[in-house]
Engineer: 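I'd like to ask you about the structure that follows.
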Amino acid sequence: MPELPEVETVRRGLAPTMEQARLERLETRRPDLRFPLPDQFSERVSGRTIIGLGRRAKYLLIDLDDGMTIIAHLGMSGSFRIEEAGPAEIPGDFHHPRSKDEKHDHVLFHLTKGDRSLRVIYNDPRRFGFMHLWTRSDLDLYPAFAGLGPEPTGNLLDAEYLAARFRDRIQPLKGMLLDQTVIAGLGNIYVCEALWRSGLSPKRKAGTLVTKAGKPKPELMALTVAIREVIADAIAAGGSSLRDHIQTDGSLGYFQHSFSVYDRETEPCRREGCGGIVSRLVQSGRSTFFCETCQK
DNA sequence: CCTTGAACCTGGGCGC
DNA sequence: TGCGCCCAGGTTCAAG
């Protein structure tokens with residue numbers, strides 16, 4: 001379930017462990033995830049020191065001290081966990097029970113930090129995730145980054161920008177906001193949530209939020225604010241849940257939110273005084289949750 | 001160019 | 001402790 005806030009939470013959870021750690025060895029347990037792993041992946045990163053963890057949209061960036069960056073995308077089901085790799089560790093040792101889905105541990109980062117030995121493990125049952133190795137100074141040339149829209153929390157996202165992108169477009173808002181070239185990092189959940197918060201229907205044609213002169217209507221200004229708030233709130237919730245979120249097994253999965261509409265079909269709308277019921281529809285193959293009563 | 005739909009892959013939940 | 005069906009938060013590619 002990694003949209004931008006989840007990836008940011010993962011980044012914050014991993015940073016204290018990974019930053020300034022030495023990547024002694026990278027272990028790949030299969031040659032590919034969604035795409036082939038980089039050629040000679042282990043050979044090219046082993047022995048490097050991790051100098052920082054970054055994020056662009058839903059991509060996690062692991063910066064190495066030789067100018068290379070590991071670009072990791074969690075797909076739909078990817079997660080990281082941290083394990084202490086102490087001297088007592090024995091495979092199958094009952095003191096160290098193996099997780100049930102160990103078979104989906106695909107990439108293991110064997111780290112040392114001071115006198116500590118750690119492993120950061122990438123697990124991904126569906127294997128929609130992927131990893132690439134890229135020169136950091138050329139990161140903008142990474143194909144998926146080249147056409148990426150602005151970050152929803154950044155200064156480049158404003159109503160004027162969205163007006164320019166929405167103008168004369170007949171595509172429904174739902175699809176438009178999922179387009180990573182329009183805004184980078186929104187996914188199915190937070191698009192539903194932002195539309196609910198701004199009182200706009202996911203079926204609304206994007207162009208109808210723009211005046212003939214190409215200026216943003218008040219509705220588009222409200223949507224812009226809602227997007228920023230939804231993402232900021234989710235990041236704050238992830239950050240505040242981080243301590244609880246890192247379980248004793250070190251897993252960094254996804255925190256629970258209380259969503260306003262997402263996955264709440266047939267439940268009452270949470271807007272004060274609305275009284276509507278959340279409904280679900282399918283738009284371009286994806287579930288959309290919204291309230292017919294208050295989203296117009 | 002714009003828009004939609006299918007494909008990639010595995011697992012969980014549900015009804016029978 | 002089965003079996004089939006539907007569903008899942010993302011991205012890319014092809015075709016209309």
Side-chain angles (χ1 to χ4, degrees), chain A residues 1-10 29-37 55-60 71-80 99-107 122-132 142-149 152 164-196 202-208 210 227 230-231 233-235 237-238 245 252-266 280-290:
Chain A
M1 43 209 325
E3 299 184 27
L4 185 156
E6 287 76 20
V7 178
E8 177 61 21
T9 300
V10 168
R29 295 200 167 160
R30 52 176 300 131
D32 56 19
L33 296 170
R34 177 171 183 181
F35 305 117
L37 290 167
R55 180 191 58 74
R56 176 76 172 100
K58 303 170 191 173
Y59 297 79
L60 182 70
I71 301 171
H73 195 292
L74 307 186
M76 301 256 263
S77 59
S79 66
F80 285 96
S99 68
K100 283 178 192 162
D101 52 355
E102 184 192 6
K103 66 178 173 177
H104 298 303
D105 290 349
H106 304 311
V107 180
Y122 179 70
N123 180 287
D124 188 356
R126 286 181 75 181
R127 299 206 308 277
F128 276 22
F130 49 89
M131 290 187 196
H132 285 134
Y142 179 67
F145 292 173
L148 220 47
R165 296 299 304 257
F166 285 9
R167 191 177 191 180
D168 298 328
R169 301 285 294 271
I170 61 165
Q171 197 185 10
L173 287 176
K174 175 69 186 311
M176 191 67 61
L177 295 177
L178 280 175
D179 183 343
Q180 301 297 295
T181 73
V182 175
I183 302 174
L186 296 187
N188 207 33
I189 292 177
Y190 295 112
V191 168
C192 291
E193 294 295 305
L195 286 169
W196 177 84
K203 296 185 281 192
R204 182 81 175 267
K205 290 175 173 42
T208 65
V210 183
I227 290 166
V230 159
I231 295 299
D233 288 355
I235 290 173
H245 185 54
L252 274 164
Y254 308 109
F255 46 96
Q256 288 293 329
H257 293 300
S258 56
F259 299 121
S260 296
V261 281
Y262 184 80
D263 206 21
R264 293 191 63 242
E265 186 182 12
T266 75
R280 172 182 176 270
L281 77 138
V282 175
Q283 289 176 295
S284 49
R286 311 294 299 277
S287 284
T288 296
F289 298 90
F290 76 117

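Computed from heavy atoms alone, side chains included, the values below leave out hydrogens, waters and symmetry copies.
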Engineer: Applying side chain to side chain donor-acceptor pair (under 3.5 Å), can you list everything that pairs with A:Arg169, at least two apart in sequence or on another chain?
Structural biologist: none
Engineer: Does A:Tyr262 have any ring-ring contact (aromatic ring centres under 6.0 Å, His included) partners at least two apart in sequence or in another chain, and if so, which?
Structural biologist: A:Phe259, A:Phe289
Engineer: Each nucleotide N or O in nucleotides 11-15 of chain C that has a protein N or O under 3.5 Å away: list the pair and distance.
Structural biologist:
unit_1: C:dT11; atom_1: OP1; unit_2: A:His73; atom_2: NE2; d: 2.7
unit_1: C:dT11; atom_1: OP2; unit_2: A:Lys58; atom_2: NZ; d: 2.8
unit_1: C:dT11; atom_1: O2; unit_2: A:Arg34; atom_2: NH1; d: 3.1
unit_1: C:dT11; atom_1: O2; unit_2: A:Arg34; atom_2: NH2; d: 3.0

Engineer: Looking at residues at least two apart in the chain, or sitting in another chain, which of them share a side-chain contact (heavy atoms from CB on, under 4.5 Å) with A:Phe35?
Structural biologist: A:Phe130, A:His132
Engineer: For DNA chain B, note the earliest and the latest nucleotide, 5' to 3', having some atom under 4.0 Å of a heavy atom belonging to chain A.
Structural biologist: B:dC2 to B:dG11
Engineer: Let me have DNA chain B in dot-bracket notation, would you? Count Watson-Crick plus G-U wobble pairs, both distances under 3.5 Å, and use [ ] for pairs crossing earlier ones and | for inter-strand partners.
Structural biologist: .|||||||.|||||||
Engineer: Please identify each residue that fulfils side-chain contact (heavy atoms from CB on, under 4.5 Å) with A:Ala72, with sequence neighbours left out.
Structural biologist: A:Leu60, A:Met131
Engineer: State which residues pass salt bridge (charged side-chain N to carboxylate O under 4.0 Å, His left out) with A:Lys205; sequence neighbours excluded, sorted by chain then number.
Structural biologist: none
Engineer: Only counting residues at least two apart or in another chain, list the ones meeting ring-ring contact (aromatic ring centres under 6.0 Å, His included) with A:Phe290.
Structural biologist: none
Engineer: Among all residues two or more places apart in sequence or in another chain, which pass the side-chain contact (heavy atoms from CB on, under 4.5 Å) test with A:Thr181?
Structural biologist: A:Arg165, A:Asp179
Engineer: Applying salt bridge (charged side-chain N to carboxylate O under 4.0 Å, His left out), can you list everything that pairs with A:Arg30, at least two apart in sequence or on another chain?
Structural biologist: A:Asp32
Engineer: Test of understanding: with side-chain contact (heavy atoms from CB on, under 4.5 Å), list the residues that count as partners of A:Pro125, not counting sequence neighbours.
Structural biologist: A:Ser77, A:His104, A:Asn123
Engineer: May I ask you to decide if A:Thr288's main-chain N or O and A:Gln283's side chain share a donor-acceptor pair within less than 3.5 Å?
Structural biologist: no
